[in-house]
Structure formats: C-alpha cells, structure tokens
Amino acid sequence: MLTYTLSRREKALLLVFAVFLLAIIWYHFVFVASTNQKTELDSQIATVQTQQQIARKKIANMKSMQKTIDQCKAEGVKPKIIPEYDNIRLLTAELNSVLAATESYTISFPELNKGESYLERSVDIVYGCSSYEAAEEIVNTLANGSYPCSIGAVSIVDTSARTDGSSSTRGLVAGSNVSVSLSVTYYEKLADEEATTTAASDSSAS
C-alpha cells in the first residue's frame with residue numbers, strides 16, 4: 001500500500017485553507033446573522049420608543065382635556081355634547097352664521113385625524129373685521145360655539161397700522177382694518193362600525 005506524506009508546504013496550504021474556510025463560515029453564519037439580528041432589534045426598539053412617545057402625548061392630551069373639563073365644571077359651564085360623525089353640514093352652517101358678522105371670510109377643511117373612537121376635524125379660517133374688538137369677539141364666539149373644539153394658531157393683524165412696507169398679503173383680508181387667521185379643531189364621535197373599520201385599517205397599515 002502506497003502512502004503519501006504531505007510536505008511542509010502542503011500542510012501550510014491546508015492550514016491556510018482551513019482557516020479561510022472557517023472565516024467564511026463564521027462570517028456567514030455568525031457575523032451576518034448577528035448583524036441582521038441587531039438591526040432587527042434596533043428597529044423594534046425604535047418602534048417601541050415611537051409608540052411610547054405617542055402614548056405619552058395621548059396621556060398628556062387626556063390630562064389637559066380632563067383639567068379643562070374639571071375647570072369648566074368648577075365654573076359651572078354646561079358640558080357640550082360631542083356630535084356623531086359626520087357633522088360637517090351642521091358645523092359649516094354654524095361657522096357661516098358666526099362669520100356672517102365679519103366683513104369677509106374663507107373656510108377650508110385641510111384634514112381629518114381619526115382615532116380609535118373619535119375624529120378630529122381641522123378647520124382653517126381667515127376673516128376680516130373693522131376693529132380688533134370685533135375680531136376678538138368672533139374668536140370668542142367660535143370658541144363658545146355649539147360643538148366642542150380647541151382653537152390654536154391665532155393671528156390677528158392690524159392692517160391699518162402696518163408700517164413695515166411689506167407687500168405680502170398672505171393671511172390678510174383686503175379692505176379690512178383687521179385680518180384674522182386661526183385653526184380650529186372640532187371633535188366628533190365615531191360609531192362602533194366606523195371605529196372598528198378605523199382600527200382594522202390602522203392594524204393592517206402597521
């Protein structure tokens with residue numbers, strides 16, 4: 001029986017090949033797998049952190065709303081009933097009625113924000129009045145309207161006293177001494193069927 005003895009050079013080459021093969025195996029089955037797992041864990045952590053931020057924001061909003069409700073109750077303010085979805089026809093009629101006291105106005109509905117059981121309807125309003133007092137009275141009337149709402153991003157500009165020389169007319173009402181722009185968010189309840197549809201669409205989107 002013939003035997004073959006490997007030379008030192010052949011043994012060295014086999015050793016190098018074995019080390020190279022082990023390196024390839026380690027890269028594919030250890031390094032790549034651990035890297036992918038780390039990336040997945042980082043993504044899951046980021047998702048959880050985002051959900052926590054959303055949850056904290058919701059809790060803060062709920063506490064703020066509850067504080068406002070408690071304050072209104074203490075002041076003897078009668079609670080407003082949140083209307084059912086879709087209340088846009090009655091809401092538009094009320095807005096038109098309130099804003100009829102202005103010199104001119106525009107109303108736009110930029111977006112709807114659906115929650116699990118409620119809906120937020122944003123309304124952007126721009127109007128002009130003859131005086132600051134009249135403009136402020138309209139804001140107060142909107143805030144104390146028939147439907148629960150929150151008012152934000154209010155801008156009241158006395159156009160009759162502008163001295164900056166600006167030619168921009170964005171957010172201003174031509175021919176009025178005072179121009180007002182504001183955003184109002186109204187709240188509506190979703191029916192059980194609509195809430196279920198919304199929750200299902202949110203679940204499928206995630």
Side-chain angles (χ1 to χ4, degrees), residues 54 56-191 194-195 198:
I54 294 174
R56 283 195 291 266
K57 185 177 180 180
K58 287 183 177 180
I59 292 174
N61 289 338
M62 290 176 63
K63 289 182 177 180
S64 177
M65 292 174 64
Q66 187 61 50
K67 182 179 179 180
T68 302
I69 291 172
D70 294 340
Q71 182 179 353
C72 290
K73 286 182 178 179
E75 295 173 354
V77 178
K78 294 182 179 180
K80 297 179 182 179
I81 304 301
I82 299 178
E84 300 284 349
Y85 174 82
D86 178 9
N87 190 49
I88 189 169
R89 184 178 62 84
L90 295 176
L91 174 60
T92 301
E94 176 167 303
L95 291 175
N96 287 328
S97 175
V98 172
L99 295 171
T102 67
E103 294 181 337
S104 62
Y105 65 90
T106 59
I107 304 174
S108 59
F109 298 87
E111 62 182 9
L112 294 176
N113 182 20
K114 281 190 175 183
E116 293 182 357
S117 58
Y118 67 94
L119 175 144
E120 295 179 356
R121 185 185 299 280
S122 298
V123 184
D124 290 338
I125 303 173
V126 177
Y127 63 89
C129 289
S130 59
S131 66
Y132 182 88
E133 291 73 15
E136 188 178 36
E137 179 64 24
I138 295 296
V139 175
N140 292 332
T141 304
L142 290 171
N144 297 307
S146 304
Y147 308 111
C149 68
S150 59
I151 295 181
V154 179
S155 173
I156 302 179
V157 180
D158 185 352
T159 55
S160 65
R162 294 187 70 190
T163 58
D164 56 4
S166 173
S167 61
S168 174
T169 58
R170 183 178 182 183
L172 304 182
V173 180
S176 297
N177 292 332
V178 179
S179 294
V180 182
S181 63
L182 71 157
S183 175
V184 188
T185 301
Y186 289 91
Y187 305 94
E188 299 174 10
K189 291 187 296 183
L190 293 173
E194 292 163 340
T198 301

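Residue indices begin at 1 and follow the sequence shown. Remember, it's a predicted structure, so these values are computed and weren't measured experimentally.
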Audit row: Y105, N96, side chain to side chain contact (heavy atoms under 4.5 Å, CB included) steps and yes/no: CA-CA 9 Å; Y105 65 90; N96 287 328; 3.0 Å; yes
Carefully, step by step, assess T106 and I125 under the rule side chain to side chain contact (heavy atoms under 4.5 Å, CB included). CA-CA 6 Å; T106 59; I125 303 173; over 6 Å; no
Hey, mind stepping through V178 and I156 against side chain to side chain contact (heavy atoms under 4.5 Å, CB included) and telling me if it holds? CA-CA 7 Å; V178 179; I156 302 179; 3.5 Å; yes
Determine, step by step, whether S108 and D124 satisfy the side chain to side chain contact (heavy atoms under 4.5 Å, CB included) criterion, reporting the C-alpha distance in whole Å, the side-chain angles of both residues, the deciding distance to 0.1 Å, and the verdict. CA-CA 5 Å; S108 59; D124 290 338; 3.3 Å; yes
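The shortest side-chain heavy-atom distance between D86 and R121 falls under the 4.5 Å cut-off. Looking at heavy atoms from C-beta onward, P83 lies in side-chain contact with P148 at the 4.5 angstrom threshold. Residues L99 and I138 form a side-chain contact, since some pair of their non-hydrogen atoms from C-beta on lies under 4.5 Å apart.
Within the 3.5 Å criterion, the main-chain N or O of A93 finds no donor-acceptor partner in the side chain of S97. For the pair T159 (side chain) and S176 (backbone), a donor-acceptor distance under 3.5 Å is present. In this structure, the side chain of T92 engages the main chain of I88 through a donor-acceptor pair within 3.5 Å.
More than 12 heavy-atom neighbours from other residues, nucleotides or ligands sit within 6.0 angstrom of NZ on K80.
D70 and Q66 share a donor-acceptor pair across their side chains, judged by distance under 3.5 Å alone. For the residue pair N177 and Y132, no side-chain donor N or O sits within less than 3.5 Å of a side-chain acceptor on the partner. Side chains of Y127 and S181: a donor-acceptor N/O pair is absent below 3.5 angstrom, by distance only. Using modelled atom types and a 3.5 Å distance limit, the side chains of E94 and S146 yield a donor-acceptor pair.
Exactly one of T185, L142, N140, V123 qualifies for a side chain to side chain contact (heavy atoms under 4.5 Å, CB included) with I151. That residue is L142.
Of all the heavy atoms in E188 and E84, the pair that sits closest is OE1-O, 4.2 Å.
Note that SG of C129 and CD of E137 are 10.0 Å apart. Values are rounded to the nearest 0.5 Å. Atoms CD1 and SG, on I82 and C149 in that order, are 11.5 Å from each other to the nearest 0.5 Å. The OG atom of S179 lies 9.0 Å from the CD atom of E103; values are rounded to the nearest 0.5 Å. Note that OG1 of T141 and CD of E136 are 10.5 Å apart. Values are rounded to the nearest 0.5 Å. One finds the OH atom of Y186 at 11.0 Å from the OG atom of S122 (value rounded to the nearest 0.5 Å). Rounding to the nearest 0.5 Å places NZ of K114 at 13.0 Å from CD of E120.
Remark: L90 engages N87, Y147 in a side chain to side chain contact (heavy atoms under 4.5 Å, CB included) (not counting sequence neighbours).
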